[in-house]
Engineer: 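Shown below is the structure under consideration.
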Amino acid sequence: MAVRIRLKKFGRRHRPFFRVCAMDVRSPRDGRVLEELGYYDPMVPETDARAVLKGERIDYWLSVGAKPSDKVEVLIKKYGSKGTNLSQQETALAKLAASRTRRAAATAPAGYTSEAAAPAAE
């Protein structure tokens with residue numbers, strides 16, 4: 001069986017989201033996968049936070065003969081286990097997580113805390 005590492009499209013119109021998957025060559029783009037190896041979200045404003053890959057699993061599939069598609073090959077080169085942009089990716093993901101927590105805290109109702117939402121254990 002010939003295996004390709006390629007993108008599987010999700011999302012809606014004008015809001016794409018992709019999963020990086022190991023798939024049989026004969027299966028359609030959004031068809032059955034052998035294994036999901038990460039994701040790529042082109043709508044994230046931080047360029048280096050757009051792709052999150054499982055490097056060790058990608059290395060396994062490449063070692064057994066899987067061929068990456070053109071776009072996935074670029075993502076692996078940048079963000080794979082031996083990627084050129086791994087340090088930038090870590091800082092971008094940390095920055096994105098911090099902005100999301102700030103945004104969640106700002107939109108929470110006044111006087112709301114996560115402890116108040118949980119039932120009291122007595």
Side-chain angles (χ1 to χ4, degrees):
M1 170 180 12
V3 177
R4 295 277 297 188
I5 301 174
R6 61 187 187 196
L7 297 173
K8 183 175 180 178
K9 188 174 182 182
F10 286 90
R12 61 177 200 259
R13 188 172 29 149
H14 305 298
R15 182 69 177 109
F17 181 85
F18 300 93
R19 288 187 187 158
V20 179
C21 300
M23 303 177 81
D24 185 9
V25 172
R26 298 166 293 187
S27 66
R29 179 193 71 187
D30 297 335
R32 193 176 65 118
V33 303
L34 299 173
E35 184 177 358
E36 292 179 358
L37 305 171
Y39 64 87
Y40 171 66
D41 187 359
M43 302 301 286
V44 172
E46 287 287 330
T47 305
D48 287 322
R50 290 180 180 174
V52 176
L53 304 176
K54 299 177 186 174
E56 61 279 348
R57 294 305 299 162
I58 290 175
D59 291 341
Y60 165 76
W61 281 106
L62 292 175
S63 71
V64 295
K67 302 280 187 212
S69 66
D70 294 336
K71 181 67 177 180
V72 172
E73 191 171 13
V74 170
L75 292 175
I76 292 171
K77 184 183 278 188
K78 287 184 177 181
Y79 308 112
S81 61
K82 301 175 190 88
T84 58
N85 292 16
L86 287 178
S87 60
Q88 293 96 328
Q89 182 186 31
E90 290 175 10
T91 57
L93 288 172
K95 186 176 175 182
L96 185 65
S99 70
R100 285 183 178 165
T101 57
R102 275 196 310 268
R103 189 175 323 127
T107 59
Y112 176 80
T113 61
S114 59
E115 294 84 24
E122 295 181 30

Engineer: Taking the side chain as every heavy atom from C-beta outward, state whether Lys71 and Tyr40 have any atom pair closer than 4.5 Å.
Structural biologist: yes
Engineer: Should Ser69 and Arg4 count as side-chain neighbours, where that means a heavy-atom distance under 4.5 Å?
Structural biologist: yes
Engineer: Run the side-chain donor-acceptor check on residues 5-16: report pairs under 3.5 Å with partners two or more places apart or on a different chain.
Structural biologist:
unit_1: Arg6; atom_1: NH2; unit_2: Ser27; atom_2: O; d: 2.5
unit_1: Arg6; atom_1: NH2; unit_2: Ser27; atom_2: OG; d: 3.1
unit_1: Arg6; atom_1: NH2; unit_2: Pro28; atom_2: O; d: 3.2
unit_1: Lys8; atom_1: NZ; unit_2: Gly31; atom_2: O; d: 3.1
unit_1: Arg15; atom_1: NH1; unit_2: Asp41; atom_2: OD1; d: 3.2

Engineer: NZ of Lys82 to CD1 of Ile58: how many Å apart, nearest 0.5 Å?
Structural biologist: 11.5 Å
Engineer: Are Val33 and Val25 connected in a single hydrophobic cluster, I mean Ile/Leu/Val/Met/Phe/Trp/Tyr linked by side-chain heavy atoms less than 4.5 Å apart?
Structural biologist: no
Engineer: If I take atom CD from residue Glu46 and atom CD from residue Gln88, how far apart are they, to the nearest 0.5 angstrom?
Structural biologist: 11.5 Å
Engineer: May I ask you to test the Leu93-Val52 pair for a side-chain heavy-atom distance under 4.5 Å?
Structural biologist: yes
Engineer: Out of curiosity, Arg29 CZ to Met23 CE, how far, rounded to the nearest 0.5 Å?
Structural biologist: 9.5 Å
Engineer: Of all the heavy-atom pairs spanning Ala49 and Val44, show the shortest one and how long it is.
Structural biologist: CB-CG1, 4.2 Å
Engineer: Between Met43 and Tyr79, is there shared hydrophobic-cluster membership here, with clusters defined by ILVMFWY side-chain heavy atoms closer than 4.5 Å?
Structural biologist: no
Engineer: Is it the case that more than 12 heavy atoms not belonging to Phe17 sit under 6.0 Å from its CZ atom?
Structural biologist: yes
Engineer: Could you pull out the closest heavy-atom pair between Ser81 and Asp59, with the gap in Å?
Structural biologist: OG-OD2, 2.5 Å
Engineer: Drop me the distance from Leu96's CG to Thr101's OG1, to the nearest 0.5 angstrom.
Structural biologist: 10.0 Å
Engineer: Going only through I, L, V, M, F, W and Y residues with side-chain contacts under 4.5 Å, is there a path from Ile76 to Val3?
Structural biologist: yes
Engineer: To the nearest 0.5 angstrom, please state how far the CG atom of Leu75 sits from the CZ atom of Phe18.
Structural biologist: 10.5 Å
Engineer: Grouping I, L, V, M, F, W and Y whenever their side-chain heavy atoms are under 4.5 Å apart, do Leu62 and Val20 come out in a common cluster?
Structural biologist: yes
Engineer: Main chain of Lys78, side chain of Gln89: is a donor-acceptor contact present, judged purely on distance under 3.5 Å?
Structural biologist: no
